[in-house]
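Below: the structure, in structure tokens.
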Amino acid sequence: MCSIIGYCGKTADIEKFKEGFGATVSRGPDDSKTVDTGNGLLGFHRLAIMGLHPEGMQPFSLDGSYVVCNGEIYGFEKIKEKLSEKYTFASDSDCEILLPLYKEYGVEMFGMLDAEYALIIYDAETDSYIAARDPIGIRPLYYGYDKEGTIIFASEAKNLVKLADKIMPFPPGHYYKDGEFICYCDIAAADKYSTDDLETVCQKIHDKLVSGVEKRLIADAKVGFLLSGGLDSSLVCAVAAKKSAKPIRTFAIGMSEDAIDLKYAKQVADYIGSDHSEIIITKDDVLSALEDVVHLLGTFDITTIRASIGMYLICKAIHEQTDIRVLLTGEISDELFGYKYTDFAPDADAFQKESQKRIRELHMYDVLRADRCISVNSLEARVPFGDLDFVKYVMSIDPEMKLNKYNKGKYLLRHAFEKGDYLPDEILWREKAAFSDAVGHSMVDYLKEYAEKYYSDEEFTALCEKYTHAKPFTKESLLYRELFEKYYPNQSEMVVDFWMPNKEWEGCNVNDPSARVLSNYGASGV
């Protein structure tokens, strides 16, 4: 990953700035640097992934301007080649192209990037700051204002807790300039639907996902893969295995009592010939990690916290036991192709609107989970299903095709990889199981049981009354909210609400985010 911060004015409290910036040194443990622009401060913690030499250290400067960027710019070599006619480059870092690109194209550059990124630019010519974030929000960015009204940007909310009264996520697909947030790409929008037939749609899904995986294999540091045994991560691993000259390294996690998916992950690993490792966790591991996980996430959301405990612990083991620095994951498939609950969508238009809502809010939920669990362990997350070309195309598919009319969720994605010997049929056509449960149903049960014992009924009722925004509605949700408030007091509006199925749909009015409570869960995860 990497960590960036920008105090965009002369009112910076240096000590508080240093303390805030120091909260995310694990995102970039290789090197740290802060520059005084003359009108504020820019800071960078480096995790070296591309351009591993000292010349790749940020902030980069050009004619008095500076940039800090946490990101991966795909296909940067072609851009660099064109810019080299006019500019000289000192490193192999993909992010060194950003200032020359800004000099040439200004804010138009943001729509040109095939990238997952968050950046802050100090423009010396105008003595002003510009910030921007990728269209999905895969790389994190937050903002707030100090008491003098100066805006501050940072990779995580924990950087800003003592610097700003109110902290908010920087909206994905936007850039900030002259006091305004301006949308340059609403990736969830589809101006018109594709007229491609089913087989053409599936071929394009195949080709674009393969391309999305392939470009994310490029790194100067070692790459690994999280493998749950479910469809999405298994496809990422299967594609990568076909594109790699030697066996890829895969990692799976499960509870000691009921590691449901370890057998499926092993089946995939054996099939694709990966170098596979298993991490086994216990009830004590889960409960001991809970408070740390809430702190590192900066959320109170139930499903995010549940799913993060296993992810945090597996990433911790990878960091401690290997020299891998980059992890590919399977996030963002559900938002595109559907969850278990979207089987209940009343019509295609409702399905599309739900998908758009979920894509636009991803940065607060699954994408946040992947970023924090991986980055806190000094690793970098790459998300092939979040490839911009792939997402734009899938969102343009007629939602009638994406409805579950095939008696199998995510039919288009499964059918797209039916040929080519990617996965065994038992994996390719296996029903979905939520990752938060698939680590082992007992994990969620332990968390619920712990919360039930932690509060009496009277305490639960009284404590819930303290909250108006995203009011807790179970003892588990109250426990998470109280832990959140300990580290991020009065900042709950960073998260719009609890992630839950669409309660307006018949069959979805439930009080738990797990797919286990839905009537169509059936044999999922067995």
Side-chain angles (χ1 to χ4, degrees), residues 110-111 114 116 132-141 168-175 181-196 201 204-205 208-209 212 232 299 301 303-304 330-370 383-405 409-413 432 434 470 493-509 513 515:
F110 302 125
D114 178 11
E116 43 209 44
R133 191 178 185 190
D134 69 73
I136 294 173
I138 290 175
R139 296 305 170 94
L141 195 62
M168 292 297 288
F170 192 107
H174 285 65
Y175 65 84
F181 291 90
I182 299 163
C183 181
Y184 70 87
C185 176
D186 178 3
I187 201 164
D191 296 332
K192 59 181 180 178
Y193 293 141
S194 166
T195 57
D196 292 340
V201 162
K204 287 186 178 178
I205 287 172
K208 289 176 185 295
L209 183 59
D232 308 327
T299 188
D301 179 59
T303 194
T304 305
E331 274 77 25
I332 307 183
S333 172
D334 292 336
E335 290 76 13
L336 294 168
F337 294 101
Y339 302 85
K340 291 297 289 184
Y341 84 83
T342 53
D343 286 358
F344 294 99
D347 54 46
D349 184 56
F351 181 101
Q352 182 75 356
K353 286 178 179 174
E354 190 72 8
S355 182
Q356 289 174 324
K357 170 183 165 62
R358 295 306 184 188
I359 291 290
R360 289 174 182 140
E361 294 180 353
L362 255 171
H363 65 103
M364 291 182 278
Y365 301 110
D366 274 13
V367 161
L368 179 147
R369 164 173 59 84
V383 190
F385 281 101
D387 184 78
L388 300 185
D389 183 50
F390 181 78
V391 173
K392 285 175 183 174
Y393 180 71
V394 176
M395 291 305 293
S396 77
I397 297 169
D398 188 336
E400 283 286 351
M401 284 191 184
K402 289 186 273 190
L403 288 175
N404 189 358
K405 300 181 293 187
K410 296 187 179 179
Y411 176 81
L412 299 182
L413 181 60
K432 174 181 171 55
E493 290 180 34
M494 294 192 301
V495 183
V496 66
D497 205 344
F498 294 103
W499 190 104
M500 295 288 286
N502 189 332
K503 293 192 175 190
E504 295 178 6
W505 294 352
E506 186 177 349
C508 296
N509 189 12

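Source: prediction; values computed, not measured. These values consider heavy atoms only, across backbone and side chains, with no hydrogens, waters or symmetry-generated copies.
The closest side-chain heavy-atom distance from Ile332 to Val367 is below 4.5 Å. Residues Pro501 and Tyr339 have side chains not in contact (no heavy-atom distance under 4.5 Å, counting atoms from C-beta outward). When side chains are defined from C-beta on, Ile187 does not count as touching Met395, because their heavy atoms never get closer than 4.5 Å. With a 4.5 Å cut-off on side-chain heavy atoms, Phe337 and Asp232 do not count as touching. Two residues are said to be in side-chain contact when any heavy atoms from C-beta on lie closer than 4.5 Å; Arg358 and Asp334 fail this criterion.
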Going through the checks in order, is the salt bridge (Lys or Arg N to Asp or Glu O under 4.0 Å) test met by Asp389 and Lys392?
CA-CA 5 Å; Asp389 183 50; Lys392 285 175 183 174; over 6 Å; no
Would Tyr365 and Thr299 satisfy side chain to side chain contact (heavy atoms under 4.5 Å, CB included), going step by step from the backbone distance to the final call?
CA-CA 9 Å; Tyr365 301 110; Thr299 188; 5.7 Å; no
Please evaluate residues Glu331 and Leu362 with respect to the criterion side chain to side chain contact (heavy atoms under 4.5 Å, CB included), reporting the C-alpha separation (whole Å), side-chain torsions for both, the decisive distance (0.1 Å), and the verdict.
CA-CA 10 Å; Glu331 274 77 25; Leu362 255 171; over 6 Å; no
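Between Lys410 and Ser333 the shortest heavy-atom distance is NZ-OG, 3.2 Å. When all heavy atoms of Arg360 and Asp186 are compared, the pair lying nearest together is NH2-OD2, 2.8 Å. In this structure, Asp301 and Trp499 approach most closely via the heavy-atom pair OD1-N, 2.6 Å. When all heavy atoms are compared, the tightest approach of Phe110 to Ala132 is CE2-CB, 3.5 Å. For His363 against Ile136, the heavy-atom pair with the smallest separation is CB-O, 3.9 Å. Considering every non-hydrogen atom in both Met364 and Thr304, the closest pair reads O-OG1, 4.5 Å.
Atom CG of Asn509 is separated from atom CG of Asn502 by 10.0 Å, given to the nearest 0.5 angstrom. The line from OG1 of Thr342 to NZ of Lys402 is 10.5 Å long, rounded to the nearest 0.5 Å. Separation of atoms SG (Cys508) and CD (Glu354) is listed at 8.5 Å; rounding is to 0.5 Å. Rounded to the nearest 0.5 angstrom, Ile397 CD1 and Lys204 NZ are separated by 9.5 Å. Atom CG of residue Leu413 and atom CG of residue Leu336 lie 9.5 Å apart, to the nearest 0.5 angstrom.
Under the side chain to side chain contact (heavy atoms under 4.5 Å, CB included) criterion, Asp349 pairs with Asp347, Lys353, sequence neighbours left out. Asp387 is linked by a salt bridge (Lys or Arg N to Asp or Glu O under 4.0 Å) to Lys215, Arg216, counting only residues two or more places apart in sequence or in another chain.
Summarising the local packing, NZ of Lys503 is surrounded by more than 12 heavy atoms from other residues, nucleotides or ligands at distances under 6.0 Å.
Note on ring orientation: taking the six-membered ring where Trp is involved, the planes of Phe390 and Phe385 are perpendicular (angle over 60°, cut-offs 30° and 60°).
Using modelled atom types, one side-chain atom of Ser355 and one backbone atom of Glu335 make a donor-acceptor pair closer than 3.5 Å. Side chain of Gln352 to main chain of Glu400: no donor-acceptor pair is present (N/O by atom type, distance under 3.5 Å, no hydrogens or angles). In this structure a side-chain-to-backbone donor-acceptor pair under 3.5 Å is present from Arg133 to Arg139. Using a distance-only test at 3.5 Å, with no hydrogens or angles considered, a donor-acceptor pair links the side chain of Gln356 to the main chain of Ala188.
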